[in-house]
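Here is how names work: the chains are called A, B, and so on, in the same order as the sequence lines, proteins then strands, and each is numbered from 1.
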There are 2 protein chains.
Amino acid sequence: MKKDKHGCDLNTCLMCRLCLKDWLPAIEAHRTNYVLNKGQLLFSEHDAVTGIYFIYSGKMKVHKHWSKDKELIVRFAKSGDIVGHRGIGTELVYPVSATALEPTTVCYVELSFFKSTLKVNNELLYELMMFYARELQESEKKMRNLAHMSVKGRIATALSMLQEKFGTNKEGHINLQLSRQDLASYTGTTYETAFRMMNELINDNAVEVSGKNIRIINQEKLHKLSQEHMEE
Amino acid sequence: MKKDKHGCDLNTCLMCRLCLKDWLPAIEAHRTNYVLNKGQLLFSEHDAVTGIYFIYSGKMKVHKHWSKDKELIVRFAKSGDIVGHRGIGTELVYPVSATALEPTTVCYVELSFFKSTLKVNNELLYELMMFYARELQESEKKMRNLAHMSVKGRIATALSMLQEKFGTNKEGHINLQLSRQDLASYTGTTYETAFRMMNELINDNAVEVSGKNIRIINQEKLHKLSQEHMEE
DNA sequence: CGCATCCTTGATGACACTCAATAATGGTGG
DNA sequence: CCACCATTATTGAGTGTCATCAAGGATGCG
């Protein structure tokens, strides 16, 4: 996979296509960098949308709020990903929130500037459209899983997906510190159930856990759990 | 709401923006009309994507398959809507199926032609991007509901949404003949549960049912059920 | 050292899925 | 027009999964 000088994946990183770093000085007036601490909120549901964000480094979660202490994590984002694009639509109000999972640097681009760029840069617009299309496919796959899969199966798929997205570090752990609470929110279940299911996966010798680090031992087994109840 | 001569809503109907009916004769070579009977499949999951469809008249369901007799209805579509756009992405394989719910006429446009149109017609591309953005927002709202809402609440929201989308006919019925099976698939539950919940809604004096026709009596009550367990 | 937060585990109950049996409906052919 | 079969509707009973509640243990922090 080709990487550019920012360390982003050239195939998916729209930021690089927009080429914010190297563009005309004119763009400087329309972008700002923000540094976020772990746990810091970038934007919140019902906030007005004023721009769009590109993640330079770090990791974030995008989540949808639900009754004080419940949420659904809709997506994780890492360096090279866009955040805040869900705000683009008929109403300029975020339907989701975004929170940093670790120290994160984002590049903010004014919406009006971004939009006028899209009007001019057909290729970028095309890429953005394709990006939405893929997101939509993902979203609907997840929706079906939520509707028809057991919690254990959902956790299994979630772990596989996370490993695929974030890769593993030198210890073989999934390259993302994920609290049980976040795992629960991502799979649409409660803290306790997520905990119990993780224990089952450990007993099944499918994964190994030390603290917040998760290592997938038996990819096969996880995959089998994902396929359960699923006959083509 | 402004309607064009095809009877489509000018704000949402991409077909009209593309102006298939009135365009250069050249386009004729790249489009075909198909007429579908009730229950007829337009395309199926895992089929290769060769084009995109615009609905002239009729209604369809877009659904995602799951183990022989289970499915999740992802979306309903009516005249003026696009179908098959979910196939656009990295892989040219449909992630969903589309089935006519009543006699339906669709207009098929070759993918290569559609894509090259997008490359040229920036405005159309922009609209398409916005359309995806809205679809994504919808999808994620539905996802959260699926995760955190009771079946009764989901059915209540589903009925409200269907009335909003399809409107009512002169008898005040929702303008869509929906089988219980489809209602169940749309709300991610089983036939029997959907049936029971509908009965509860009838006892609550929220809706009235005669055959496959549904009339919403108490919009307030449905809305309240949708909001249950939901505190901002 | 005391408080607060997070983790861990058990018990309980509700919601919703499954299975099953019967009733209604609709379509088909004689 | 009716008998027949196939499909769809309706209802009940049983069961399992998972959310909720509660309480004790661990961990961190001032």
Side-chain angles (χ1 to χ4, degrees), chain A residues 37-39 66-72 101 144-158 177-204 207-214 225-226 228-231, chain B residues 37-39 61 66-73 99 101-102 144-158 177-204 207-214 225-226 228-231:
Chain A
N37 298 321
K38 180 176 175 174
W66 181 262
S67 83
K68 195 91 187 171
D69 49 354
K70 272 186 200 164
E71 61 176 18
L72 182 73
L101 293 172
R144 185 200 53 185
N145 291 348
L146 225 35
H148 291 304
M149 209 180 244
S150 73
V151 172
K152 192 170 178 182
R154 290 191 325 249
I155 295 214
T157 24
Q177 296 272 331
L178 191 64
S179 74
R180 297 289 155 91
Q181 182 57 62
D182 281 344
L183 184 61
S185 299
Y186 187 52
T187 49
T189 183
T190 57
Y191 185 95
E192 294 95 323
T193 311
F195 176 80
R196 284 180 240 263
M197 292 306 156
M198 278 302 283
N199 278 347
E200 286 195 27
L201 289 181
I202 293 169
N203 285 335
D204 293 349
V207 300
E208 223 174 61
V209 173
S210 51
K212 281 187 179 173
N213 292 310
I214 302 171
L225 284 168
S226 308
E228 225 152 77
H229 310 295
M230 172 97 181
E231 323 121 27
Chain B
N37 298 321
K38 180 175 176 175
K61 63 175 176 181
W66 181 263
S67 83
K68 195 91 188 170
D69 49 356
K70 273 186 201 165
E71 61 175 16
L72 183 73
I73 294 181
T99 305
L101 293 171
E102 53 183 63
R144 185 199 53 186
N145 292 348
L146 224 35
H148 290 305
M149 208 179 244
S150 73
V151 172
K152 193 172 177 180
R154 296 200 311 258
I155 296 213
T157 25
Q177 296 270 332
L178 192 64
S179 74
R180 296 289 154 91
Q181 182 56 257
D182 281 344
L183 184 61
S185 299
Y186 187 52
T187 50
T189 185
T190 56
Y191 185 93
E192 293 95 322
T193 311
F195 176 79
R196 284 180 240 263
M197 292 305 154
M198 277 301 282
N199 278 347
E200 286 195 26
L201 290 180
I202 292 169
N203 286 335
D204 293 349
V207 299
E208 224 175 63
V209 174
S210 51
K212 282 186 178 174
N213 292 309
I214 302 171
L225 283 168
S226 307
E228 226 151 77
H229 312 295
M230 170 98 181
E231 325 120 30

Student: Reckon A/Lys212 has a side-chain N or O less than 4.0 Å from the OP1 or OP2 of D/dT27?
Tutor: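 Answer is no, no contact under 4.0 Å.
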Student: Could you tell me the separation between the CD atom of A/Glu200 and the P atom of D/dC18, rounded to a whole number of Å?
Tutor: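 Result: 9 Å.
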Student: Can you measure A/Arg196 atom CZ to D/dC21 atom P for me and round it to whole angstrom units?
Tutor: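 A/Arg196 atom CZ is separated from D/dC21 atom P by 14 Å.
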Student: Ignoring hydrogens, what is the shortest heavy-atom contact between A/Arg154 and A/Met149? Give both atom names and the distance.
Tutor: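 Smallest heavy-atom distance, with atoms named: NH1-O, 3.0 Å.
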Student: Can you tell me the distance, in whole Å, between the CG atom of B/Leu225 and the C1' atom of C/dC15?
Tutor: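 Atom CG in B/Leu225 sits about 16 Å away from atom C1' in C/dC15.
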Student: A/Met198 CE to C/dC7 P: how many Å, rounded?
Tutor: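 Rounded to whole Å, this separation is 12 Å.
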Student: Check the distance between C/dC6's P and A/Gln181's CD and give it to me in whole angstrom.
Tutor: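 Result: 9 Å.
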Student: For B/Met197 and D/dT11, give me the distance from atom CE to atom P, rounded to whole Å.
Tutor: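 Interatomic distance, CE of B/Met197 to P of D/dT11: 14 Å.
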Student: Do the non-hydrogen side-chain atoms of A/Asn199 and A/Phe195 ever get within less than 4.5 Å of each other?
Tutor: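 Side chain of A/Asn199 against side chain of A/Phe195, heavy atoms only: contact under 4.5 Å found.
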Student: Can you find a donor-acceptor pair, distance only, under 3.5 Å between A/Arg154 side chain and D/dT17 base?
Tutor: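 Donor-acceptor pair under 3.5 Å: no.
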Student: Rounded to the nearest angstrom, tell me the gap between atom CG in B/Leu146 and atom P in D/dA19.
Tutor: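 Distance, rounded to whole Å: 13 Å.
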Student: At under 4.0 Å, does any side-chain N or O of A/Thr189 touch on OP1 or OP2 of D/dA19?
Tutor: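 For D/dA19, OP1 or OP2 has a side-chain N or O of A/Thr189 closer than 4.0 Å.
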Student: Determine: side-chain N/O of B/Arg180 to OP1/OP2 of D/dT10, distance under 4.0 Å, yes or no.
Tutor: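 Result: yes.
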Student: Can you tell me how far P of D/dA19 sits from CG of A/Leu72, to the nearest Å?
Tutor: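 Spelled out: CG on A/Leu72 to P on D/dA19 is 12 Å.
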Student: Would you tell me if any nitrogen or oxygen in the side chain of B/Asn199 comes within less than 4.0 Å of OP1 or OP2 on D/dT11?
Tutor: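 Yes, because at least one side-chain N or O of B/Asn199 sits under 4.0 Å from OP1 or OP2 of D/dT11.
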Student: Given C/dA16, D/dT10, C/dA11, which nucleotide is nearest the side-chain atoms of B/Phe195?
Tutor: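 That would be D/dT10.
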Student: To the nearest 0.5 Å, how far apart are OG1 in B/Thr99 and NZ in B/Lys38?
Tutor: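 The NZ atom of B/Lys38 is 12.5 Å from OG1 of B/Thr99, to the nearest 0.5 Å.
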Student: Please classify the nucleic acid contact of A/Glu192 as base, sugar-phosphate, or nothing, using heavy-atom distances under 4.0 Å.
Tutor: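 Base, at least one base atom sits under 4.0 Å.
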Student: Which value, rounded to the nearest 0.5 Å, describes the distance between B/Met198 atom CE and B/Thr193 atom OG1?
Tutor: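 So the gap between those two atoms works out to 13.5 Å.
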Student: Counting C-beta onward and ignoring hydrogens, is there a side-chain heavy-atom pair between B/Leu183 and B/Met197 closer than 4.5 Å?
Tutor: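 Not touching, per the 4.5 Å side-chain cut-off.
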Student: Name the residue closer to the 5' end of DNA chain C, choosing between B/Thr193 and A/Tyr191 according to the nucleotide with the nearest heavy atom.
Tutor: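 The 5'-side residue here is A/Tyr191.
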Student: Can you identify which nucleotide, out of D/dT20, C/dT9, C/dA16, has its nearest atom closest to the A/Lys70 side chain?
Tutor: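 In terms of side-chain proximity for A/Lys70, the closest of D/dT20, C/dT9, C/dA16 is D/dT20.
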